[in-house]
Amino acid sequence: MNEVHVFNAGPCFLPQEAIDSAIEALKDFKGTGVSLISVSHRSKEWEATMEECRALWKELLHIPDDYEVVLLGGGASLQFLCVPMNFLERKAAYLDTGVWAHKALKEAQGLGEAVVVACSKDRNYSYIPKDFEIPADADYFHVTTNNTIYGTELKQDLDSPVPLIADMSSDILSRPVDVSKYAVIYGGAQKNAGPAGVAFAIVRKDALGKVSRYIPTMLDYRTHIDKGSMFNTPPVFPIYVMTETLRWLKGIGGVPEIHRRNLKKADTLYAEIDRNPLFVGTAEKADRSIMNVCFVMAPGYESLQDEFMAFAKSKGMVGIKGHRSVGGFRASLYNACRQEDVDALVACMQEFAKMHA
Ligand SMILES: *Cc1c(COP(=O)(O)O)cnc(C)c1O
């Protein structure tokens, strides 16, 4: 098999160490003689994994003591509903930065009043709106920090007069975050934190309990905080792989080190996009995501798109097709993507440019 370089937008490439450990655990979980997927979630071995997983989250992101980490099924898409269920009383405010932000907004609108504070649809979500005012009478303000489809990223932790809630599905653990600025940070695991099948929510406990609605038990963050994310049977396999992924991250130096590596990978690829006459980036430079790099064929070279796709594939590049709403190409440089993968993609772009000079 030729060497492959995986740039999938999600599920993501995961560290080999985590995969190897998962294979072992599937055969024999912690020397119990029982497979990970058959072990009792009430066993002390499993409880220790659950504990370790939460502890690693807290350590890696310096999560303050008044927060809890909950691990849930249903993906980020179910969190779109959990957020208004737990926080929407009179009015919610959303920043509309693309498809995912819009889906989050729709769930809030299904439960009450939800307003769009600013929107970047006028230029196909290629930038993050800058001058907007967060309504002081909103119950919360919701942002999508990394717009996986468009390759834009809100890199600052905003100062918000109302509880700030963020979908960080695709940039969590890729850079330092000041958790204390948020009431909730949530996401699906499969972009950076583990395999599909589990979502995380980092919840400030005292932000809860302020709505008068009935919150269905499974959608109430308090249920999962009280029961240590074991109110019902947890998705043990994805949580195990997540734990191993977090262990790997800690082992290489944690978030500061991965951020340094991620910046270098993104700089390498954006520099090539800006230099290479055949390609052009689609996101506004100031808002470029360090996780999802979107680019298209430059004007005059559009007809080469399929040829480049085939050429890149022949060189081992996997998952660089852009999302249909942007077109062209998207290389996702999640944490486990290595500098050598990016270097290989850049070499491929350079070789292709020479062929068409
Ligand atoms: C992928 C993605 C989602 C959806 O995640 P699921 O776990 O599949 O529901 C939501 N938000 C963002 C920013 C994403 O990238």
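Throughout, numbering of the chain's residues begins at 1 and tracks the sequence. Fair warning: this is a prediction, and the values are worked out from it, not measured in the lab. Ligands are counted one by one from 1 in listed order, and the atoms in each one are counted from 1 as well.
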With a cut-off of 4.0 Å, which atoms of ligand 1 are near a heavy atom of Gly75?
7 (O), 9 (O)
Which atoms of ligand 1 are found less than 4.0 Å from any heavy atom of Gln190?
5 (O), 6 (P), 7 (O), 8 (O)
Ligand 1 to Asn146, heavy atom cutoff 4.0 Å, flagged ligand atoms 13 (C)
Using a 6.0 Å cut-off, check whether atom NZ of Lys205 has over 12 heavy atoms from anything other than its own residue.
yes
Quick one: look at Ser77 and ligand 1, take heavy-atom pairs under 4.0 Å, and tell me if it's side chain, backbone, both or neither.
both
Among all protein heavy atoms, pick the one closest to atom 5 (O) of ligand 1 and tell me residue, atom and distance.
Ala76 CB, 3.4 Å
Among all protein heavy atoms, pick out the one at the shortest distance from atom 11 (N) of ligand 1; state its residue, atom name and that distance to 0.1 Å.
Asp167 OD2, 2.6 Å
Among Glu52, Glu17, Glu59, which residue meets the salt bridge (Lys or Arg N to Asp or Glu O under 4.0 Å) test with Arg247?
Glu52
How are the rings of His224 and Phe231 set relative to one another: parallel (under 30°), tilted (30 to 60°) or perpendicular (over 60°)?
perpendicular
Which residue and atom name correspond to the protein heavy atom nearest atom 14 (C) of ligand 1, and how close is it?
Lys191 NZ, 2.9 Å
Can a cation-pi geometry be assigned to Arg123 and Tyr125, taking NZ or CZ under 6.0 Å from the six-membered ring centre and within 45° of the ring axis?
no
Look at ligand 1 and say whether Ile149 reaches it with a heavy atom at a distance under 4.0 Å.
no
Where is the nearest protein heavy atom to atom 15 (O) of ligand 1: which residue, which atom, and how far?
Thr148 OG1, 2.4 Å
Do the rings of Phe132 and Phe141 sit parallel, tilted or perpendicular, given the 30° and 60° boundaries?
tilted
Could you tell me whether the side chains of Thr49 and Lys30 share a donor-acceptor contact shorter than 3.5 Å?
yes
Do Phe308 and Phe329 have their ring centres less than 6.0 Å from each other?
yes
If we set the cut-off at 4.0 Å for heavy atoms, which region of Tyr186 has an atom near ligand 1: side chain, backbone, both, or neither?
neither
